[in-house]
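What follows is one structure encoded as structure tokens, with my remarks underneath.
Side chains are part of it too, since the values below use all heavy atoms of this structure and drop only hydrogens, waters and symmetry mates. Just so it is clear, the structure is predicted and the values come from calculations on it, not from any experiment. Chain A is the first sequence line, chain B the second, and so forth, proteins listed ahead of strands; every chain is numbered from 1.
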Amino acid sequence: MADERLKALKEKTRYESAEVERRLFAEWIDGGYFHPKAEGTAADNFSVAIPPPNVTGVLHMGHALNGSMQDALVRMNRMRGRNTLWTLGTDHAGIATQAVVEKMLGEEGISRQEIGREAFVERVWAWKEEYGSQIVEQYKRLGASLDYEGERFTLDEGYVRAVYRVFKQLYDKGYIYRDNYMVNWDPGSHSAISDLEVVNREVEDTLYSIDYPVEGSDRVLTVATVRPETMLADTAVAVNPGDERYADLIGQHCILPLVGRRLPIIADEHVDPEFGTGALKITPGHDPNDFEIGRRHGLEEIGVIGPDGRMNEEAGKRFTGLAAAEAQEAVVSALRGEGSLRAEEPYVHSVPFSERSGARIEPLISLQWFCRMDELAKPAIEVVERDEVRITPPQWKRVYLDWMREIRPWCVSRQLWWGHRIPVWYCDPCEETYVAEEAPERCGACGGELRQEEDVLDTWFSSALWPFATLGWPEGTPELRAFYPTSFLTTAREILFLWVARMVMTGIEFAGDVPFRDVYVHSVIQARDGRRMSKSLGTGIDPLEEIDEHGADALRFGLLAMSSTQDVRFSDAKVQQGADLANKLWNASRLILLNVAEVDAAPRPVGIEDRWLLSRLEATIASVTAKLEEYDFAHAAQEAYAFLWSELCDWYLEIVKPRLYEGEAEVSATLLWALERLLALLHPIMPFVTEEIWSYHPSRQGHLAVHAFPEPDESLRDAGAEAEVRAGIELTGRLRAWRDLVEAPAATVLPARAEGIEPQEFVGRLARFEFGDDGGDPVAAVGPVKILASAEIDAEAVAARLEARRKELRSEVDRAEGKLGNEKFVDRAPAGVVAEEREKLERYRAELEELSE
RNA sequence: GGGCGCGUAGCUCAGUGGGAGAGCGCUCGCCUCACACGCGAGAGGUCGCUGGUUCGAACCCAGCCGCGCCCACCA
């Protein structure tokens with residue numbers, strides 16, 4: 001049977017990813033390799049919690065990059081024999097999921113209000129059961145070694161318990177409170193959203209200047225606004241306390257046009273006297289700054305725009321019921337009619353939009369639940385300051401700290417139906433409020449019926465608990481003991497505040513330790529043209545298409561190789577390089593596996609090239625491993641590539657082919673050993689092709705996915721062999737270049753004589769020179785090699801080549817002489833640098849002298 | 001307004017004090033019994049600009065030009 005497979009292998013001159021990936025993945029799953037036992041402690045084990053994708057999500061390039069990075073480290077540590085868990089799960093994604101299901105209902109002509117909350121939530125669950133695992137299947141395509149048996153969801157029964165426990169404890173500590181406060185109202189999702197979910201965009205609006213007459217005077221205060229409809233809610237006009245123009249008016253009143261309300265003229269530092277007229281209308285109900293000013297001065301807070309984006313009765317009869325935009329037109333034309341409109345001019349400014357729905361944010365005051373963050377932030381700041389949570393690259397440490405030090409209360413309630421319904425119950429008759437992990441039966445005070453809070457929690461409230469809630473917290477589960485804290489987190493920087501900072505805070509507060517020791521902030525892969533990859537721009541590149549076309553290994557290699565500390569454009573060439581590498585590895589392995597003698601894989605160096613190869617292999621293992629451990633994926637991938645392609649394939653395999661074909665036992669043993677170690681080293685980066693090749697390896701016991709990861713063996717390092725073979729390689733290169741330059745026919749073997757030293761055997765063979773002891777005059781010299789006359793080479797070309805080389809050498813000699821003639825260089829440069837320069841000079845002079853004979 | 005980062009070969013990117021690198025593309029030569037998704041050899045760069053520090057600068061410092069991202073309450 002084994003012979004049959006090898007026979008088939010002989011015919012397969014190309015690695016076909018599509019033929020092997022699904023099969024191998026199924027084998028890994030069948031082996032149960034990705035589902036660890038909950039044993040031991042986190043100090044010995046290795047664990048990672050995947051940033052949970054939205055349950056509505058499809059795999060995008062960011063997931064693919066982040067997944068490739070995590071899987072590389074997870075696989076490496078699993079192979080090292082550590083009990084390894086990579087937790088899988090999805091996020092219920094309140095707004096996004098609710099929107100998807102609402103849209104589906106809309107297509108059936110149903111609104112969620114028609115069917116009611118309970119039925120709607122059931123529909124969402126049904127949707128989740130049917131479509132929610134899409135992205136999970138896509139992670140399998142990438143080869144991600146997640147624990148598919150232990151998939152979690154942020155609305156799991158156990159997870160809800162964790163969320164309620166946290167809410168309750170924060171409430172008991174006094175951190176969570178309910179307040180009427182200015183929030184970012186998202187008319188698109190009909191909910192409040194947090195500051196972090198708001199994006200500012202430049203918008204061209206009209207800036208209207210409006211005259212507010214001063215009471216009992218013929219003076220007017222001219223104020224400017226881009227939202228004239230909000231004037232209906234004005235409750236003051238403010239000027240800067242140092243502004244002499246208005247000093248006498250402070251304490252007086254002006255009259256609000258259209259409404260007639262008396263507005264106190266107040267002084268507040270916030271007002272910039274340089275802007276416009278230096279008078280600012282104050283609308284505490286609809287502007288975040290004005291809200292602050294209003295609270296400072298105890299102003300009335302009037303709301304004229306409701307959550308539906310329409311004017312309410314506070315706006316006055318003529319405007320009630322109008323949409324804000326309609327109201328704006330109506331207000332402007334009314335002002336124009338009464339002559340209060342002083343000016344209109346185009347005005348570009350930045351305006352908040354909802355990142356979720358895209359709608360323009362309507363700032364308004366509403367009754368919401370908030371969480372004070374300052375106390376939670378303190379220890380989360382300290383652990384980062386002390387590098388107990390290390391952030392890489394280091395510039396993000398400061399970004400994190402700056403934000404944390406300025407942290408503000410978090411609006412945690414959302415006016416949605418899909419999510420964690422806030423665990424608060426109200427008793428209407430006696431106005432009692434109950435916060436509990438489980439619904440209380442009745443009001444303890446009056447025995448009346450209780451009504452649960454309608455709002456749900458911000459999705460990020462539950463995501464913040466991800467690293468420990470997925471492990472069973474608040475129960476002291478074996479999973480929690482075995483896998484918390486997790487080992488590291490890799491993430492996009494856009495969720496550093498939204499998610500990472502909050503996990504650090506909740507981890508310390510509730511799980512008693514930081515959630516991870518390392519945070520790696522990866523770069524952003526942009527579209528090919530440098531724009532953001534985004535669905536709406538149509539600039540996205542589908543990782544699944546890349547996998548279909550080039551294979552998962554190619555995409556993984558490509559993404560790791562193109563990743564960097566700075567943002568980079570998606571590189572098709574890097575993915576192709578990955579595909580080429582898989583193919584190269586496949587064919588190099590075929591050469592080895594189909595030609596080796598029956599021996600054990602063991603290092604059995606008999607020639608200097610064997611010692612060279614083993615030394616280079618160990619150096620590569622040490623370097624690639626170190627790079628992976630420091631999250632330098634790009635260099636890890638490229639160093640592995642360089643070793644495999646250049647050192648192993650271009651040189652070693654070419655050098656030892658004759659020995660291999662003769663069936664030499666020693667070289668077979670060495671090759672099998674090197675292949676085994678190389679496959680294991682590459683497996684975390686390219687799991688499929690390495691596993692597939694491993695299945696043909698005579699040493700195979702089980703799957704490569706659980707094979708030992710190579711520890712660099714220092715005893716195999718051999719500086720002498722490295723230097724000698726490097727010299728032979730260099731000589732071979734120079735001889736080949738010489739041949740090309742004199743246009744020697746490719747297949748012809750040219751006569752030559754070596755003087756002084758004996759070149760290694762491979763030099764002549766690979767450069768196609770025959771070394772003899774013919775004593776005739778050489779036509780040229782390449783290092784220690786004298787090239788003899790032969791019919792195939794053109795004397796003129798040789799002469800030209802000789803002259804070119806002499807010219808090259810003269811310029812080198814000049815350069816070195818100039819440097820060494822500089823007293824300051826000789827005096828001040830380190831001795832080693834000077835000595836090196838002297839050696840070079842001698843070498844060049846010697847060669848020049850030789851060629852000038 | 002504050003902060004971070006980038007500008008290196010035609011393209012995409014490495015390189016952070018001692019002679020400019022990779023992949024792709026390009027040119028020339030090879031179907032050499034693992035691989036033409038291959039092999040061999042090349043061409044190609046005033047390292048954005050200007051000054052400074054240094055024996056020596058792509059790299060350190062200052063300024064300028066261009067580009068990107070993040071944070072921030074100028075109506």
Need the pair for A22(B). Rule: Watson-Crick or G-U wobble, both distances under 3.5 Å, any strand; none if unpaired.
U12(B)

Without decimals, in angstroms, what is the distance between Gln395(A) CD and G68(B) P?
20 Å

Residue closer to the 5' end of RNA chain B, Gly733(A) versus Ala561(A) (nearest nucleotide):
Ala561(A)

Mind checking if Arg528(A) touches a base, just sugar-phosphate, or nothing, with heavy atoms under 4.0 Å?
nothing

P atom, G25(B) versus C39(B): distance in rounded Å?
13 Å

Under the side-chain hydrogen bond (donor to acceptor under 3.5 Å, both in side chains) rule, collect the residues that match up with Asn289(A), sequence neighbours excluded.
none

Which parts of nucleotides 70-75 of chain B does protein reach within less than 4.0 Å, heavy atoms only, written one letter per nucleotide 5' to 3' as B for base, S for sugar-phosphate only and - for none?
-S-BBB

Applying a 4.0 Å non-hydrogen cut-off, can you work out what Glu654(A) is touching in the nucleic acid: base, sugar-phosphate, or nothing?
base

Starting from P on U12(B), measure out to CZ on Phe570(A) and report it in whole angstrom.
15 Å

A9(B) and U46(B): how far apart are their P atoms, nearest whole angstrom?
9 Å

NZ or CZ of Arg201(A) within 45° of Phe353(A) ring axis and under 6.0 Å
yes

Please work out if Val568(A) contacts a base, only the sugar-phosphate, or nothing of the nucleic acid, heavy-atom cut-off 4.0 Å.
sugar-phosphate

What nucleotide, of U32(B), G18(B), C4(B), holds the atom closest to the side chain of Arg768(A)?
U32(B)

Describe the nucleic acid contact of Asn595(A) in one word from base, sugar-phosphate, nothing, applying a heavy-atom distance below 4.0 Å.
nothing

Which value, in whole Å, describes the distance between the P atoms of nucleotides C26(B) and G10(B)?
15 Å

Rounded to whole angstrom, note down the P distance from C49(B) over to G66(B).
15 Å

From C39(B), G18(B), A41(B), pick the nucleotide closest to the side chain of Lys584(A)?
C39(B)

Base paired to A72(B) (Watson-Crick or G-U; both N/O distances under 3.5 angstrom):
none

Atom CG of Asp827(A) to atom C1' of G56(B): distance rounded to whole Å?
14 Å

Could you pull out all residues at least two apart from Asp580(A) that satisfy salt bridge (charged side-chain N to carboxylate O under 4.0 Å, His left out)?
none

Pick base, sugar-phosphate or nothing for Trp645(A), based on heavy-atom distances below 4.0 Å to the nucleic acid.
sugar-phosphate

Within 45° of the ring axis of Phe497(A) and under 6.0 Å from its six-membered ring centre, is that where the NZ or CZ of Arg502(A) lies?
no

Could you pull out all residues at least two apart from Arg810(A) that satisfy side-chain hydrogen bond (donor to acceptor under 3.5 Å, both in side chains)?
none

Without decimals, in angstroms, what is the distance between Arg405(A) CZ and G3(B) C1'?
14 Å

Pull out every protein N or O sitting under 3.5 Å from an N or O of nucleotides 20-29 of chain B, one pair per line with the distance.
unit_1, atom_1, unit_2, atom_2, d
G23(B), O2', Gln577(A), OE1, 3.4

Watson-Crick or G-U wobble partner of G38(B), both distances under 3.5 Å
C30(B)

Sequence neighbours excluded, the answer for side-chain contact (heavy atoms from CB on, under 4.5 Å) partners of Lys840(A) is Arg815(A), Glu836(A), Glu837(A), Arg843(A), Tyr844(A)

So what does Ala588(A) hit on the nucleic acid, given a heavy-atom distance under 4.0 Å: a base, only sugar-phosphate, or nothing?
base

Leu9(A) CG - C35(B) C1' separation (whole Å)
12 Å

NA contact type, Ser564(A), heavy-atom cut-off 4.0 Å: base, sugar-phosphate, or nothing?
sugar-phosphate

CZ of Arg801(A) versus C1' of A41(B): gap in Å, rounded?
11 Å

Checking Ser523(A) against Asp567(A): is there a side-chain donor and acceptor pair closer than 3.5 Å?
no

In residues 734-742 of chain A, what donor-acceptor pairs under 3.5 Å come from side-chain atoms, sequence neighbours left out?
unit_1, atom_1, unit_2, atom_2, d
Arg734(A), NH2, Glu847(A), OE2, 3.3
Arg736(A), NE, Leu766(A), O, 3.4
Arg739(A), NH1, Thr748(A), O, 3.0
Arg739(A), NH1, Ala767(A), O, 3.2
Arg739(A), NH1, Arg768(A), O, 2.7
Arg739(A), NH2, Pro745(A), O, 2.7
Arg739(A), NH2, Ala746(A), O, 3.4
Arg739(A), NH2, Thr748(A), O, 2.7

Whole-Å gap separating C1' (G68(B)) and CG (Asp567(A))
8 Å

Examine the side chains of Lys397(A) and Thr392(A) and answer whether a donor and an acceptor come within less than 3.5 Å of each other.
no

Interatomic distance at C1', G63(B) relative to A20(B), whole Å:
26 Å

Contacts of type salt bridge (charged side-chain N to carboxylate O under 4.0 Å, His left out), residue Glu197(A), not counting sequence neighbours:
Arg356(A), Arg414(A)

List the atom pairs, donor and acceptor, that lie under 3.5 Å between side-chain atoms in residues 235-242 of chain A and the rest of the protein, sequence neighbours left out.
unit_1, atom_1, unit_2, atom_2, d
Thr235(A), OG1, Glu300(A), O, 3.0
Asn240(A), OD1, Gly242(A), N, 2.8
Asn240(A), ND2, Val271(A), O, 2.8

Picking from G18(B), G42(B), C13(B), the nucleotide nearest the side-chain atoms of Pro830(A) would be G18(B)

Quote, to the nearest angstrom, the P distance that separates G51(B) from C11(B).
26 Å

Starting at OH of Tyr15(A), measure out to OG of Ser589(A) and round the result to the nearest 0.5 Å.
11.5 Å

By the Watson-Crick or G-U definition, both distances under 3.5 Å, G66(B) is matched with C6(B)

Please measure how far the P atom in G45(B) lies from the corresponding atom in A22(B), and state the result in whole Å.
15 Å

To the nearest angstrom, the CG-P distance between Leu820(A) and G18(B) comes to 17 Å

On RNA chain B, nearest-nucleotide positions of Ala737(A) versus Arg569(A): which is more 5'?
Arg569(A)

What's the gap between A14(B) and C6(B) when it is taken at their C1' atoms, as a whole Å value?
14 Å

Tell me which nucleotide, if any, is Watson-Crick or G-U wobble paired with A58(B) when both distances must be under 3.5 Å.
none

